[in-house]
Amino acid sequence: MKKSILGLLAAAALVSSCGGGEREYLSFHGIPMNTPFEAFVDSLQQRGYQIDTTRTDSAYAKLFIIDAEQNITVDVATDTAGIAYIIEEYHATYNDSTRQLYPVFYRQFQNELGGKPWLRAGGGDDHKEAVFETEKGILEVNLKNTSFPMLQIVYKRDTNK
């Protein structure tokens, strides 16, 4: 009886030591998605991002950022649990520009997150989607070359975890 109680205590200690760590989240340029919204905005501003206050909706805690030098827009939305998603878009004049960015980001996230993403079919060279589903969250890399070439990276907090 004494051995079985010690065994249960040892098993409970092992489970609590394995599961006791804090959950890791996807990070956006080094800032984890579980960062409080105000601190997240401050960190982005310290990194040189400009907040477009005319397109920011404080009622929904939506943030719109423009980096005109690199032709990038970033949209951040929150819910009651924190940052719900981040959409980073790279806009280009020519399809070749965004076509060249896609494999760079694909490989980068494959190395950072590990494993192979789920690839959505269709579209050829101008429409590609890779979805990385991880313990940290869901990340999508989308190439959308239409009349306005764009590469989109979507960071989502996995609400099922």
Side-chain angles (χ1 to χ4, degrees), residues 22-161:
E22 241 184 77
R23 176 180 173 218
E24 288 187 43
Y25 290 82
L26 288 174
S27 65
F28 176 75
H29 298 277
I31 308 167
M33 285 184 67
N34 65 330
T35 302
F37 186 69
E38 293 78 18
F40 188 83
V41 171
D42 290 343
S43 295
L44 287 173
Q45 287 178 320
Q46 289 172 0
R47 288 175 164 84
Y49 285 91
Q50 299 297 314
I51 309 300
D52 183 350
T53 54
T54 61
R55 294 181 71 178
T56 299
D57 184 351
S58 59
Y60 297 100
K62 225 173 173 187
L63 175 70
F64 191 81
I65 304 163
I66 296 178
D67 183 342
E69 186 177 305
Q70 294 184 24
N71 213 9
I72 301 170
T73 59
V74 179
D75 183 20
V76 180
T78 65
D79 58 18
T80 56
I83 296 171
Y85 68 82
I86 302 169
I87 300 174
E88 180 178 31
E89 294 179 345
Y90 293 79
H91 303 273
T93 308
Y94 301 103
N95 287 348
D96 287 347
S97 302
T98 51
R99 260 190 229 127
Q100 291 170 1
L101 283 175
Y102 182 86
V104 171
F105 283 111
Y106 178 92
R107 280 190 222 102
Q108 174 189 334
F109 293 125
Q110 189 175 24
N111 290 337
E112 284 178 18
L113 301 172
K116 294 262 185 202
W118 176 64
L119 300 172
R120 292 189 177 138
D125 288 341
D126 287 325
H127 299 281
K128 298 180 182 181
E129 296 182 49
V131 180
F132 295 86
E133 294 182 4
T134 71
E135 293 293 318
K136 296 179 179 184
I138 299 168
L139 186 131
E140 297 177 15
V141 182
N142 303 316
L143 177 64
K144 297 178 179 183
N145 284 343
T146 56
S147 23
F148 303 102
M150 176 183 58
L151 178 79
Q152 183 182 69
I153 302 170
V154 181
Y155 303 76
K156 296 178 189 174
R157 182 185 70 238
D158 189 353
T159 55
N160 296 323
K161 306 229 185 252

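Below, all heavy atoms of this structure are taken into account, side chains as well, without hydrogens, waters or symmetry copies.
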Query raised in the report: Does a side-chain heavy-atom distance below 4.5 Å link Glu135 with Glu24?
Result: no
Query - Set of residues satisfying side chain to side chain contact (heavy atoms under 4.5 Å, CB included) with respect to Asp126, sequence neighbours excluded - result: Asn95, Arg99, Asn145
Report task. Can you sort out the partners of Pro32 under side chain to side chain contact (heavy atoms under 4.5 Å, CB included), two or more places apart, ordered by chain and number? Result -> Asn34, Thr35
Report summary line: Smallest heavy-atom separation, Gly137 atom then Leu26 atom, equals C-CD1, 3.9 Å
Query raised in the report: Is Glu140 salt-bridged to Lys156, cutoff N-O under 4.0 Å?
Result: yes
Requested in this report: Starting from the C-alpha separation in whole Å, work towards a yes-or-no answer on side-chain contact (heavy atoms from CB on, under 4.5 Å) for Phe28 and Val76.
Outcome: CA-CA 10 Å; Phe28 176 75; Val76 180; 6.0 Å; no
Hey, can you pull the donor-acceptor pairs under 3.5 Å for the side chains in residues 109-119, sequence neighbours left out?
residue: Asn111; atom: ND2; partner: Arg107; partner atom: O; Å: 3.4
residue: Glu112; atom: OE2; partner: Gln108; partner atom: NE2; Å: 3.1

Query raised in the report: How far apart are the closest heavy atoms of Phe132 and Tyr106, and which atoms are they?
Result: CZ-O, 3.8 Å
Query raised in the report: So, do Phe105 and Leu151 sit near enough that their side-chain heavy atoms are less than 4.5 Å apart?
Result: yes
Requested in this report: Would you indicate whether the side-chain heavy atoms of Leu139 and Thr134 approach each other to under 4.5 Å?
Outcome: no
Report summary line: When every non-hydrogen atom of Ile72 is compared with those of Glu88, the smallest separation belongs to CG2-CG, 4.1 Å
Report summary line: Rounded to the nearest 0.5 Å, the OG1 atom of Thr98 sits from the CD atom of Gln152 at a distance of 12.0 Å
Query raised in the report: Got Ile87 and Tyr155 here, is their nearest side-chain heavy-atom distance under 4.5 Å?
Result: no
Report task. May I ask you to test the His127-Leu143 pair for a side-chain heavy-atom distance under 4.5 Å? Result -> no
Report task. Using a 4.5 Å cut-off on heavy atoms from C-beta on, say whether the side chain of Phe148 contacts that of His91. Result -> no
Query raised in the report: Donor-acceptor pair, Arg157 side chain versus Ile83 backbone, under 3.5 Å?
Result: yes
Report task. Evaluate the side-chain proximity of Tyr85 to Thr78: yes if any heavy-atom separation is below 4.5 Å, no if none is. Result -> no
**Report entry** Asn142 and Tyr102, any side-chain heavy atoms less than 4.5 Å apart
**Finding:** no
Requested in this report: Using atom types as modelled and distance alone, determine if a side-chain donor or acceptor of Ser27 lies under 3.5 Å from a backbone N or O of His29.
Outcome: no
